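First comes the structure, then the notes that go with it.
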Amino acid sequence: MSKIKVILLDGSEVELNKDATLYDAALKISQKFAKEAIAGIVNGEKKDLNYTLKNNDRIEILTFTSPEGKEIYYHSTSHIMAQAVKELFPQAKLAIGPAIKDGFYYDFDLDRPFTPEDMVVIEKKMEEIIDRNLPLKRIEVSREEANKLFKERKEDYKLELIRDLQDDMLTLYQQGDYIDLCRGPHIASTGKIKVFKLLSIAGAYWRGNEKNKMLQRIYGISFDKKSELDNYLILIEEAKKRDHRKLGKELELFSMHDEGVGFPFFHPKGMVLRNILEDYWKEEHYKSGYTEVKTPIILNKSLWMKSGHWDHYKENMYFTKIDEEDYAIKPMNCPGGILIYKCTLHSYRDLPLRMGELGLVHRHELSGVLHGLFRVRCFTQDDAHIFMTPEQIKDEIKGVIDLTDRIYKTFGFSYHVELSTKPENAMGSDEIWEMATNSLEEALIDKKINYVVNEGNGAFYGPKIDFHLKDCIGRSWQCGTIQLDFIMPEKFDLFFINKEGDKEKPVMLHRTILGSIERFMGILIENFAGAFPLWLAPVQVKLLPIADRHIKYGKDIIKKLTKYNIRVELDEVNDKIGTKIRKTELEKIPYMLIFGDKELEEDLVSVRKRGKGDLGRIKIAKFVKNVLKEIKDKKLP
RNA sequence: GCCCGCGUAGCUCAGUCGGUAGAGCGCAUCCUUGGUAAGGAUGAGGUCACCGGUUCAAUUCCGGUCGUGGGCUCCA
């Protein structure tokens, strides 16, 4: 019998019998590996395990540990779910059922809604299908055959999908009586799926278009070990515990009311956090050569017509009338900032002009997308507009990158960067786009920052850099953005006087770092799970007297601490010390000072740190000194 | 905006197969004055989201409104 050889990822070669499959290759490496194998990649293409190999093929075996392996595993689980649904509800029509980042979904068109009870039944049926260990067979058919098959099966959505496909030959995957239009690859048989869980039911439009029919989507996830499913469910619980809407209420930071849907109310403790954030922001911006402005919330229609918002952004704007004239509530700060720029004649010597604005903007978001502080209808952008000469672009971008980096690091966030290039509907010439995109790119390269290019995702007026920060449980949030804008200076006829004494058009750079103060607060709440670092904590120190007779001593301590702007509260409730400690731990206050007869005599306090426990007795003055240093250093927990 | 679920005390939730309601936490008062994550007693607090309909009777059933939660291409 003749032999072939294939090349593995690490360059090593494996000798196999002629007509050997990917599975045989895995088996040759080890029994365990073959058992874990999900599918493979042959010469760059994903293939099923029963794919027949040829001499000199470069192969990689995929297991659940790789993202590609997971994707195939999830996708196969979605087919099993669809089969279960079809067996239970033969009248259900199949739409699409892809793998997603965390699991999979399948969309169905069914005459009645799925219920939580249905989920249990579907899960049971899925177990059954997995036990049957049905092979997933790949079938190649012509368009005509595929059409005929899905017509017989009354799968209207599959027929629509086929219509949009270019290929003459299509692939189907079959397991038992279930057949799906699918590119594959898939696991070898249903028995490969070890554990899975259906997570939720939701509505979803056919092809994501709100003009199309609303289908029913079932989400699920699968793993190759039960322990991994358990970990995943724990992570979901952890995220739930950190939900800023829940913590915001419990810690009395903010509230939402029917009287102003999407408009958050900030409570005293929330305002402390907010003011610290804003003060810190102003300080950093001042140090980086920014000035600060504040522009009005309501401005005349004429301004919004000129800026283009009236034509391009009207759907998201609120309007009002003053003295019979039309006004709009600002959805962005730039037109206001531009009016300030235009107030004076600028020399090239004034540039770059960095104008910061914590500007409150209102945008009409669809009611269904509102979500705590993350998606609201009014929010404060930590905006700034930089007016500069084209030559200054690169340096200014580098400056913004530095500032952003410094601010994110202060909160302990890591981040990644995306560069978005010219979109379809862009305004402005190709040259100017190229110049702008190059400036952004060169700045990133100079700064040695890795970035992902997001082709065609720029704003219509210019390319942009986006900053996505990562929180401590691995979720990422788009916050900062740097956008180059050539359109507004044009529309508003902005200019400065150059060295030659001629009028010249400045370039505008629009940027945020935190994004929205409100949203950033939400991110901070979830990242720290409400247990803020000392410098951000609304209450920094809680005073806990052992007995009522020590309250007076507590009042003296308040005076001593507030003198240094340390935020302190005294617990005067008649509880035992254990109870007071418990209450304070739940309020997530960083330090507790406990004092009774033993401390009273010598200006001592007993220090207890949140989550750490008793730190022992210390002089009040020494405690103040330590705390002030921790605040000044903005130490992270 | 659309689909599905939910809306009972300040908070978290139970309950009523239709006869106007209950717990824990919190709050108030009292007893207790206690040394590092829950001492005890008593009490106040609810038009059961809102508006209609069915009914002798609606917090409960039905319809609508508002709010809220999850989701609305990560493409066969």
Side-chain angles (χ1 to χ4, degrees), chain A residues 71 74-75 78-79 94-107 109-110 112-116 118 146 150 155 157-167 170-173 179-184 199-219 240 243 245-246 249-250 252 255-262 315 364-372 544-551 573-587 592-599 606-617:
Chain A
E71 190 191 330
Y74 292 153
H75 192 183
S78 95
H79 276 217
L94 301 170
I96 57 166
I100 53 177
K101 196 170 130 273
D102 286 309
F104 59 87
Y105 65 78
Y106 214 112
D107 287 346
D109 186 0
L110 183 64
R112 71 166 185 81
F114 285 118
T115 63
D118 291 335
F150 287 115
E155 294 290 3
Y157 297 95
K158 296 293 171 189
L159 289 170
E160 195 180 323
L161 291 170
I162 293 170
R163 268 205 300 284
D164 292 348
L165 291 170
Q166 312 296 324
D167 321 56
L170 302 172
T171 54
L172 308 176
Y173 273 82
I179 301 179
D180 204 342
L181 176 70
C182 187
R183 191 192 290 131
L199 298 170
S200 61
I201 318 165
Y205 298 107
W206 168 236
R207 304 196 137 182
N209 186 333
E210 60 183 352
K211 292 195 180 72
N212 290 340
K213 186 165 184 189
M214 176 70 74
L215 307 174
Q216 294 187 69
R217 174 171 297 180
I218 303 179
Y219 284 92
K240 246 186 227 163
D243 192 317
R245 293 167 299 185
K246 182 172 164 281
K249 194 187 281 178
E250 284 173 8
E252 298 174 50
S255 60
M256 294 293 190
H257 300 271
D258 294 0
E259 289 82 355
V261 176
E315 300 299 300
H364 183 76
E365 300 286 351
L366 293 179
S367 62
V369 306
L370 299 175
H371 183 97
L544 308 181
I546 294 289
D548 285 355
R549 64 177 179 282
H550 309 118
I551 288 177
V573 177
N574 179 7
D575 283 322
K576 283 167 97 166
I577 197 66
T579 311
K580 291 179 186 178
I581 288 168
R582 183 182 150 76
K583 269 180 3 195
T584 312
E585 287 282 356
L586 293 174
E587 288 176 88
M592 287 165 244
L593 297 184
I594 298 165
F595 42 89
D597 295 337
K598 293 175 199 164
E599 287 81 5
S606 188
V607 180
R608 189 189 161 99
K609 194 165 181 173
R610 171 187 63 199
K612 297 272 194 301
D614 194 357
L615 299 185
R617 271 196 281 278

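In this text, all values refer to a predicted model and were calculated from it rather than measured experimentally. Chain letters run A, B, ... following the sequence lines, proteins first, then strands; residues in each count from 1.
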If you look at every strand shown and take non-hydrogen atoms under 4.0 Å, does [X] touch a base, only sugar-phosphate, or nothing?
X: A:G578; answer: sugar-phosphate
X: A:L366; answer: base
X: A:K249; answer: sugar-phosphate
X: A:D107; answer: nothing
X: A:L170; answer: base
X: A:E259; answer: nothing
X: A:K583; answer: nothing

To the nearest 0.5 Å, how far apart are [atom1] in [X] and [atom2] in [Y]?
X: A:T584; Y: A:R610; atom1: OG1; atom2: CZ; result: 12.0 Å
X: A:F150; Y: A:I162; atom1: CZ; atom2: CD1; result: 5.5 Å
X: A:L544; Y: A:H550; atom1: CG; atom2: NE2; result: 13.0 Å
X: A:H79; Y: A:Y106; atom1: NE2; atom2: OH; result: 5.5 Å

Quickly work out the [X] [atom1] to [N] [atom2] distance and round it to whole Å.
X: A:H79; N: B:C75; atom1: NE2; atom2: C1'; answer: 13 Å
X: A:R549; N: B:G35; atom1: CZ; atom2: C1'; answer: 11 Å
X: A:I594; N: B:G34; atom1: CD1; atom2: P; answer: 15 Å
X: A:L586; N: B:U12; atom1: CG; atom2: C1'; answer: 14 Å
X: A:D118; N: B:G5; atom1: CG; atom2: P; answer: 12 Å
X: A:K598; N: B:U36; atom1: NZ; atom2: C1'; answer: 10 Å
X: A:D575; N: B:A28; atom1: CG; atom2: P; answer: 10 Å
X: A:K158; N: B:C75; atom1: NZ; atom2: C1'; answer: 11 Å

Provide the distance between the two [atom1] atoms, one in [N] and one in [M], to the nearest whole Å.
N: B:A38; M: B:G26; atom1: C1'; answer: 13 Å
N: B:C72; M: B:A9; atom1: P; answer: 31 Å
N: B:G46; M: B:C13; atom1: C1'; answer: 15 Å
N: B:U42; M: B:A57; atom1: P; answer: 40 Å
N: B:A58; M: B:U16; atom1: C1'; answer: 11 Å
N: B:C17; M: B:C30; atom1: C1'; answer: 44 Å
N: B:C48; M: B:U8; atom1: C1'; answer: 4 Å
N: B:A28; M: B:G53; atom1: C1'; answer: 43 Å

Is it the case that the side chain of [X] and the backbone of [Y] share a donor-acceptor pair, with hydrogens and angles ignored and the cut-off at 3.5 Å?
X: A:K580; Y: A:P545; value: yes
X: A:K609; Y: A:D614; value: no
X: A:E71; Y: A:A99; value: no

Considering Watson-Crick and G-U wobble pairs with both distances under 3.5 Å, what does [N] pair with?
N: B:G63; result: B:C51
N: B:G18; result: none
N: B:G43; result: B:C27
N: B:U68; result: B:G5
N: B:A58; result: none
N: B:G35; result: none

- Message: Does the protein touch nucleotides 65-74 of chain B at the base, only the backbone, or not at all? Give it as B, S and - per nucleotide, heavy atoms under 4.0 Å.
- Response: --SSSBBBBB

- Hey, which of these two, A:D548 or A:R608, hits RNA chain B nearer its 5' end, going by closest nucleotide? A:D548

- Residues A:D575 and A:R582 bridged, charged N to O under 4.0 Å: no

- Note, A:K598 side chain near A:S606 side chain (heavy atom, < 4.5 Å):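 The answer is no, as the side chains (C-beta and beyond) never meet within the 4.5 Å cut-off.
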
